[in-house]
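Here the structure is laid out as structure tokens; the discussion comes afterwards.
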Amino acid sequence: LKTLNTEIMGGNGPDVIILDGLTAESYISKGLLEDMSDIINPLIENETIFKNIAQAYTKDGKIYAIPTRFLVSFITSDQQTVDAGKSTQALADRIETLAKDKSTTYVVQQKMAEELLLDFYNVDSKNWVKEDGSLDETKVSDYLTQVKRIYDVDDHSDIESYGNFFESGMCDGYRYGTLDSMDLFTETCKVEFGTIADVEDFQLMLSAGSTDGAVYGALSNGGISTYVPFLQAGVVSGGNEDAGKAFVKTLLGKEAGASSNGIPVNEAALKNQINALMGRTETSMAFNRDGSDKMYTIEYRSMTQEEADAILAQLEAVEQSALTDRTIQNLVIERGTSYVKGEQNLEETVNEITKKVNLYLAEQQ
């Protein structure tokens, strides 16, 4: 990053920069990004892209960065548990209640501490930021407390290994969808949650739900639906700005939105993806779990119009972005893991996180 920033400031950087994991505000404050409102505002006005997401990146009438894809957090389980998923505390309460029934091996889909922390970081992190830009200690404390409650209901001795940590993508910070409908279908657990990065994941949930009776809903804290920006693009000032803007416009287009990971911000591309699942040819998927010989089969089915409309409405209703700065995310998850695993107390963990993050934020100004 230091090399990249030096090149940009020296006029030798790229024309377009993908800001995933970076601090867009820092690049904006240093005058390194070009205003793209001239190409994005017409897309908003013509309802080509999601208005709620695009307008969130408008400041003083200017747009310096915009995600071309996004991920969303969902939960799948019984209706009462899904309803509890609107509050992290209520969900932790519900999961502790479910833990009293020993009918499945696990209560929650098996995830390492880092994965659980990331799932709820994506849901809740924006709520921690105070008006002055610093982190609210009380909210960080509540986040850690509820994640630990959820973690503690299950035995994680099998999942907590370096091999799983490496394969999960936590090592390089590069992850797509984290929700896996298979464990619920095989009755290995009672609750699954995480990010969805492809509309086909909805069809998998709905098809599995036809057999196991599970329903799904948005995972939030306080009822505010959060999204994770993905392929967030900005045009570097002082370079070939016209070509850079043309490339970003292409990324936001219907054709580009039809491919790659992430849910497209382009509405037409998203609607086409959803409509394709309404006419999908009936097929099935056979799989096994944990290396056993037992085979399971999910019968795929086409979505109904009502289901397609509900999915589109949920995606259009996302309101706020998770904190995307990878430095902050890493600080929170690294120190939070020590607390969740019982290696450090809550007060010490919260104090360390807020001090380090607030110092980092102050350095960025």
Side-chain ([X]) to main-chain ([Y]) donor-acceptor, under 3.5 angstrom:
X      : Y      : value
Asp15  : Asn240 : yes
Ser141 : Glu137 : no
Lys62  : Glu34  : no
Thr23  : Asp325 : no
Asn122 : Ala322 : no
Thr195 : Val72  : no
Asp136 : Val129 : no
Thr76  : Val215 : yes
Asn351 : Glu347 : no
Lys111 : Phe193 : yes

Evaluate Met36 against Tyr57 for side-chain contact (heavy atoms from CB on, under 4.5 Å), listing each step before the verdict.
CA-CA 11 Å; Met36 299 186 292; Tyr57 290 81; over 6 Å; no
Check whether any side-chain heavy atom of [X] lies under 4.5 Å from a side-chain heavy atom of [Y], and answer yes or no.
X      : Y      : answer
Thr48  : Asn266 : yes
Asp183 : Glu192 : yes
Phe70  : Ser321 : no
Phe120 : Leu91  : yes
Leu179 : Asp201 : no
Ile274 : Leu277 : no
Thr304 : Leu206 : no
Cys189 : Val108 : no

Candidate pair Leu252 and Ile39, rule side-chain contact (heavy atoms from CB on, under 4.5 Å), full reasoning:
CA-CA 10 Å; Leu252 290 166; Ile39 63 164; 5.7 Å; no
Please answer: with hydrophobic residues joined when any side-chain heavy atoms are less than 4.5 Å apart, are [X] and [Y] in the same cluster?
X      : Y      : result
Ile44  : Leu312 : yes
Phe247 : Ile49  : yes
Leu331 : Trp128 : yes
Ile333 : Val350 : yes
Val191 : Leu219 : yes

As an exercise, state the distance from [atom1] of [X] to [atom2] of [Y], rounded to the nearest 0.5 Å.
X      : Y      : atom1 : atom2 : result
Ile66  : Leu19  : CD1   : CG    : 12.0 Å
Leu32  : Ser26  : CG    : OG    : 7.5 Å
Phe202 : Ile263 : CZ    : CD1   : 5.5 Å
Gln344 : Arg335 : CD    : CZ    : 4.5 Å
Ile8   : Thr3   : CD1   : OG1   : 11.0 Å
Glu267 : Leu315 : CD    : CG    : 10.0 Å

Using a 6.0 Å cut-off, check whether atom [atom1] of [X] has over 12 heavy atoms from anything other than its own residue.
X      : atom1 : value
Glu316 : CD    : yes
Glu187 : CD    : no
Tyr296 : OH    : yes
Glu319 : CD    : yes
Lys51  : NZ    : no
Glu343 : CD    : yes

Closest contact, heavy atoms only, [X] versus [Y]:
X      : Y      : value
Glu299 : Ser207 : O-CB, 3.5 Å
Tyr151 : Lys341 : OH-CG, 4.1 Å
Gln110 : Asp155 : OE1-O, 3.6 Å
Asn221 : Asp124 : ND2-OD1, 2.9 Å
Ile18  : Leu22  : O-CD1, 3.9 Å
Gln232 : Ala65  : OE1-CB, 4.2 Å

For the pair Tyr143 and Tyr121, name the ring-plane relationship: parallel under 30°, tilted 30 to 60°, perpendicular over 60°.
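Perpendicular, since the angle between the ring planes exceeds 60°.
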Going through the checks in order, is the side-chain contact (heavy atoms from CB on, under 4.5 Å) test met by Ser302 and Met278?
CA-CA 5 Å; Ser302 298; Met278 292 175 61; 5.5 Å; no
Report yes or no: do Thr178 and Asp119 form a side-chain donor-acceptor pair below 3.5 Å?
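The answer is yes; a qualifying pair exists.
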Checking side-chain polar atoms at under 3.5 Å, does Asp93 have a donor or acceptor matched by the opposite partner on Gln89?
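The answer is no; no qualifying pair exists.
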Should Lys356 and Glu352 count as an ion pair when the cut-off is N to O under 4.0 Å?
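Counted as a salt bridge, because a side-chain N and a carboxylate O are separated by less than 4.0 Å.
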Any cation-pi pair here, Lys59 with Tyr64, using under 6.0 Å and within 45°?
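So Lys59 doesn't make the cation-pi contact.
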Yes or no on salt bridge (charged side-chain N to carboxylate O under 4.0 Å, His left out) for Asp154 and Lys190, after CA distance, side-chain angles and deciding distance?
CA-CA 12 Å; Asp154 287 315; Lys190 297 183 177 71; over 6 Å; no
For Phe185, which residues count as a ring pair (Phe, Tyr, Trp, His ring centres under 6.0 Å) partner, sequence neighbours excluded?
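In terms of ring pair (Phe, Tyr, Trp, His ring centres under 6.0 Å), with neighbours along the sequence ignored, Phe185 is linked to no residue.
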Walk me through whether Leu117 and Val332 qualify under side-chain contact (heavy atoms from CB on, under 4.5 Å).
CA-CA 8 Å; Leu117 285 160; Val332 171; 5.8 Å; no
